[in-house]
Amino acid sequence: MEPEILLKLRFLSDLTPGPEGLPLFLLTDIQEGDPPRYRSRLALFDGTLRLLTQEEAKKPRYAPPFVYFLRKVGEGQELFRLDLRGGEAERLTETPGVLDYALGPEGEVAFLALKEAPKRGVPRRFEGWPFKFDGRGLLPEGNVALYLLKDGEKRLLLERYPAPKEMVLAPEGLYLVMPEDVRAQAEWRDTLYLLRDGHLERVWGGFGPIFALEWSPEGLFFLGHAFERGGGTEARLYHLKGGEARVLLEGSLQNSVNSDLRFGAHLQGPKWGGDGVYLVRTELGEGRLYRVGLDGEVEALPASGSVLAFARTERGLFLLTEDFTRPARLEGPLGVYDPNQGLDLPLAEPHPTAWESPEGHRVPGWVLLPEGEGPHPVILYIHGGPHTAFGRAPMLEFALFRQAGYAVAFCNPRGSTGYGQDFALLEGEWGERDERDLLGFLDHVLAHFPLDRDRVGVAGGSYGGYMTNWLTARHPERFRAAVTDRSICNWFSFFGASDIGPRFTWMELSAKPWERPEVLWEKSPLRWVHRVRTPTLVVHAEEDHRCPIDQGETWYTALCHLGVKARFFRVPEEGHELSRSGRPDRRLARLRAYLDWWRENL
C-alpha cells in the first residue's frame, strides 16, 4: 500500500435528518487534477445512494421542502437552498461571506455574515484577543453582523463585538452564545443570551465555554464547563428550563478519538429525540451513543463500531460508525452504506494491551504488528491534545508504517480522554505523569511483543510533537529516530504566538511569562535540547496558528547548531489540520516524508 490510496477514499460527514425521515449527509471524494481537490456533495440514502448535487456543498440542514447549505462563491460562502420538489439550487444571500446560519420554526433563517470583504495587503487593526484562529487566519474583528432572512427580506438583528459564536432559533426568540466583553472572550468565558423583540437578555453563563446548543419543547440543552480542573476539565450536559440550568451528564462528551481518515463535520449532540436527549461520549477508546432522560437516567445504545455521528428521524436512528479497520460508514433501519466498499484498504486490527503502572492505574494501548516473525522495529506514536485519545478509528499513517515493515505502539497515557475525570488531568505535570506512562507502556510492549528494542522510533503531532521533543531530549539513549510534527518546544513564544496561547498555557501549566516563568522554561523541551542525539524530522505547516511554525523552526535550528542529524519539512498554505484535511497532494508529500525518514534512520 502506498500513500496514494488516500486519493481513492470517500468520506461521509454532516449527517442530519432529511426528507421523509431519510438520512441527509455529505459525500466527499477527491477529484483528480493539479492539484487534486476535495468535492463534497449533498446526498440521501433510502437503501441506495441518491446524490442531490454535483457541486460543492457544506453544512446541510433540512426544513421542508428545502435543503439549506453553504457554498463557496468567490472568496466567501453564501447560503443556498434546494427545493426537493424540483429545480436548481437558489442563492439566498448576497454578502461578503456567510459564516454560519440557523433555521427557524416558521421558515426564517438567522445568519452571521461579514459586513465588508477583507482586503488583501491592507494593514489590520485589532483591539481584542484572539485576533487569529487556525484554519481561518486573521479574525474579522468588528466586521460581523447578525441578520434575519424571512419571506425574502433581510434585516439586521445585531451588530456587536464580540460577535455570536453559536445560535439556535426558538419560538421565544434567538438564543446566542457570545462572550460578554473583550476580557471574557480572552478568557473563554461565554454567556448565553436570548434576543427577543430587539432586546438582548442575559440568560446564563459567564464562567466557561458554552457550545452545541439544542432547542426542544422541553427547554434548551447545551454543553459546557468552567475549567474547574484546568485544561482537562470534562464537559457537562446542561438542561436549561425556567431560568435554571441543571446537569444531566458529565464526562468526555463528544468523540475525541484520533483519526486521519475523516473529512467534514460530525454532529455528535446533544440532540432532542422526544424520549430524551442523544449525544456521543468518548469511553475507553471509542465513541458511544447515549440517550439521557430528563430525570438523568442514562442508557447506552448499541452500535457496530465507534460512533462518529448520528441522526434520529421518524424512521429510526442512523449512525456513522468507524473502526480500526474501516473509515466511517452509514448504518440504520434502511441498511448499510459503505462508500469505500470494494476498495482494498489493508487496515489491520491492532493487538490490545495495557501496562499496569506501579502508581495504581492502567495505561491502555495497542500494538500494530507487520507481517513476519520479527523482531520488528517499532514506532512509539503519541496522540495530540493532550486531552484526546487513540482507539477504534482508522489511522492511514499507521497502516503505511506497518506495510513498510514497522510496528506501531500507541496508547492513552494520563491526560487522555475517556477514562474518567482524574485520568484526564495532568495538573501542570506535562513531561512527568505522561512521560512515566509512555515509557512504562513502551517497556511493556518491548517485553511482550516481537519488537527490536535497538530500533525504536518516536513520533507525534501537536502535543504528541511536544512529547517527541521532550522524550528525545530527556532520554536521548532510547530512540533511534524521531518525527516531531506541529510541535511545541518553547512555551514562552507559544504563549504569544498561538491562537490559544495564553489560556491554554495557563490552564495546562498555571503559569504565564510574568507569573512563574521558571515553570514555562522547565517545561519547554528547548531547555533540554542540548541533550538530543536522535536523528529528527521536523514537520510543520507554515500557516499553523495553533502551534505556530516558529516552534518547528526553533527546534530545527537548535538541532542543526548542535550537530544533530535533522531535516525540516515545511508545508506552505496549510495549518494545524494538514494531516487530516490538508490539500491531498500535500498530505501525500507529508506521508512520504515520514516513510523516507524511517527508511533512512530506523
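Salt bridge status for Glu180 with Arg183: absent, with no side-chain N to carboxylate O gap under 4.0 Å. For Glu94 and Lys154, the salt-bridge test fails: no basic side-chain N is under 4.0 Å from an acidic carboxylate O. With salt bridges taken as basic N to acidic carboxylate O contacts below 4.0 Å, none links Arg503 and Glu508. Using a 4.0 Å cut-off between a side-chain N of Lys or Arg and a carboxylate O of Asp or Glu, Arg155 and Glu153 do not qualify as a salt bridge. In summary, Lys241 and Glu218 engage in a salt bridge, as defined by a charged side-chain N under 4.0 Å from a carboxylate O. The pair Arg136-Asp499 does not count as a salt bridge, with every side-chain nitrogen at least 4.0 angstrom from each carboxylate oxygen. Using a 4.0 Å cut-off between charged nitrogen and carboxylate oxygen, Asp29 and Arg41 count as a salt-bridge pair. A salt bridge is defined here as a Lys NZ or Arg NE, NH1 or NH2 lying under 4.0 Å from an Asp or Glu carboxylate O, and Arg39 with Glu55 fails to meet this definition.
Taking the centre and axis of the six-membered ring of Tyr68, the NZ or CZ atom of Arg61 falls outside the cone set by 45° and 6.0 Å. Geometrically, Arg189 does not engage Phe207 in a cation-pi contact, judged by NZ or CZ lying under 6.0 Å from the ring centre and within 45° of the ring axis. A cation-pi geometry, defined here as NZ or CZ lying under 6.0 Å from the six-membered ring centre and within 45° of its normal, holds between Arg546 and Phe133. For the pair Lys271 and Tyr278, the NZ or CZ position fails the cation-pi test of under 6.0 Å to the six-membered ring centre and within 45 degrees of the ring normal. Taking the centre and axis of the six-membered ring of Phe131, the NZ or CZ atom of Arg125 falls outside the cone set by 45° and 6.0 Å.
Looking at Leu294 and Arg246, their side chains come closer than 4.5 Å, going by heavy atoms from C-beta outward. Side-chain atoms of Leu253 and Leu279, non-hydrogen and from C-beta on, do get closer than 4.5 Å to each other. Using a 4.5 Å cut-off on side-chain heavy atoms (C-beta onward), Leu289 and Leu317 make contact. With contacts defined as side-chain heavy-atom distances shorter than 4.5 Å, the pair Pro572/Glu542 qualifies. The side-chain heavy atoms of Phe318 and Thr313, taken from C-beta on, include a pair separated by under 4.5 Å. The side-chain heavy atoms of Tyr175 and Arg196, taken from C-beta on, include no pair separated by under 4.5 Å. Looking at heavy atoms from C-beta onward, Ser13 lies out of side-chain contact with Arg262 at the 4.5 angstrom threshold. Within the 4.5 Å cutoff, side-chain heavy atoms of Gln551 are placed close to those of Asn490.
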Checklist entry - Could you walk me through whether Leu158 and Leu176 pass the side chain to side chain contact (heavy atoms under 4.5 Å, CB included) check? => result CA-CA 11 Å; Leu158 185 68; Leu176 301 168; 3.9 Å; yes

Item to check | CA sep, side-chain torsions, deciding dist, call: Glu141, Arg124, salt bridge (Lys or Arg N to Asp or Glu O under 4.0 Å) | outcome: CA-CA 9 Å; Glu141 181 176 304; Arg124 300 281 299 275; over 6 Å; no

Next on the checklist: Assess the residue pair Phe222 and Leu192 against the criterion (side chain to side chain contact (heavy atoms under 4.5 Å, CB included)); give the C-alpha distance rounded to whole Å, side-chain angles, the decisive distance to 0.1 Å, and a yes or no.
Outcome noted: CA-CA 10 Å; Phe222 56 89; Leu192 180 65; 4.2 Å; yes

Item to check | Chi angles and distances behind the side chain to side chain donor-acceptor pair (under 3.5 Å) call for Tyr161, Gln185 | outcome: CA-CA 10 Å; Tyr161 178 75; Gln185 177 175 261; 2.8 Å; yes

Next on the checklist: Set out, in order, the CA-CA distance, both residues' side-chain angles and the distance that settles salt bridge (Lys or Arg N to Asp or Glu O under 4.0 Å) for Glu234 and Arg229, then state yes or no.
Outcome noted: CA-CA 8 Å; Glu234 294 189 327; Arg229 306 293 299 274; over 6 Å; no

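In this structure, Leu148 CG and Leu174 CG are separated by 8.0 Å, a value rounded to the nearest 0.5 Å. Atoms CG and OG, on Leu425 and Ser416 in that order, are 11.5 Å from each other to the nearest 0.5 Å. With rounding to the nearest 0.5 angstrom, the CG atom of Leu42 is 4.0 Å from the OG1 atom of Thr53. For the atom pair Leu248 CG and Leu237 CG, the distance stands at 5.0 Å (nearest 0.5 Å). The CG atom of Asn255 lies 4.5 Å from the OG1 atom of Thr282; values are rounded to the nearest 0.5 Å. To the nearest 0.5 Å, the span separating CG on Leu15 from CZ on Phe310 amounts to 9.0 Å.
Side-chain contact, Glu78 with Thr95: a donor N or O sits under 3.5 Å from an acceptor N or O. There is a side-chain donor-acceptor pair under 3.5 Å between Ser40 and Thr28.
Across all non-hydrogen atoms, the minimal contact from Leu24 to Gly18 is CB-CA, 3.9 Å.
Under the 3.5 Å distance criterion, the side-chain polar atoms of Gln254 are left unmatched by any main-chain donor or acceptor of Gln268. Distance alone, capped at 3.5 Å, places no donor-acceptor pair between the His545 side chain and the Ser498 backbone. A donor-acceptor distance shorter than 3.5 angstrom exists from the side chain of Ser306 to the backbone of Gly287, with no hydrogens or angles considered. Arg81 contributes no side-chain N or O that, together with a main-chain N or O of Val67, makes up a donor-acceptor pair within less than 3.5 Å. Proximity of a side-chain donor or acceptor of Asp14 to a complementary backbone N or O of Pro60 within less than 3.5 Å is not detected. Checked by atom type and distance alone, the side chain of Thr233 pairs as donor or acceptor with a backbone atom of Gly230 at under 3.5 Å. A donor-acceptor pair under 3.5 Å links the side-chain atoms of Ser259 to the main chain of Leu261, judged by distance alone. Remark: side-chain polar atoms of Arg202 are paired, donor with acceptor, to backbone N or O of Gly205 under 3.5 angstrom. Within the 3.5 Å criterion, the main-chain N or O of Lys523 finds a donor-acceptor partner in the side chain of Trp491. The backbone N or O of Ser487 lies less than 3.5 Å from no partner atom in the side chain of Thr484, so there is not a single donor-acceptor pair.
The one candidate from Asp485, Asp585, Asp260 that meets the salt bridge (charged side-chain N to carboxylate O under 4.0 Å, His left out) condition with Arg590 is Asp485.
Using a 30° and 60° split on the angle between ring planes, Phe227 and Trp188 fall in the tilted class, from 30° to 60°. Aromatic ring pairs are classed by plane angle as parallel below 30°, tilted from 30° to 60° and perpendicular above 60°; the pair Phe80 and Phe69 is parallel. Ring geometry for Phe494 against Phe504 counts as perpendicular: the plane angle is over 60°, on a 0 to 90° scale with 30° as the lower cut. Aromatic ring pairs are classed by plane angle as parallel below 30°, tilted from 30° to 60° and perpendicular above 60°; the pair Phe263 and Phe11 is tilted.
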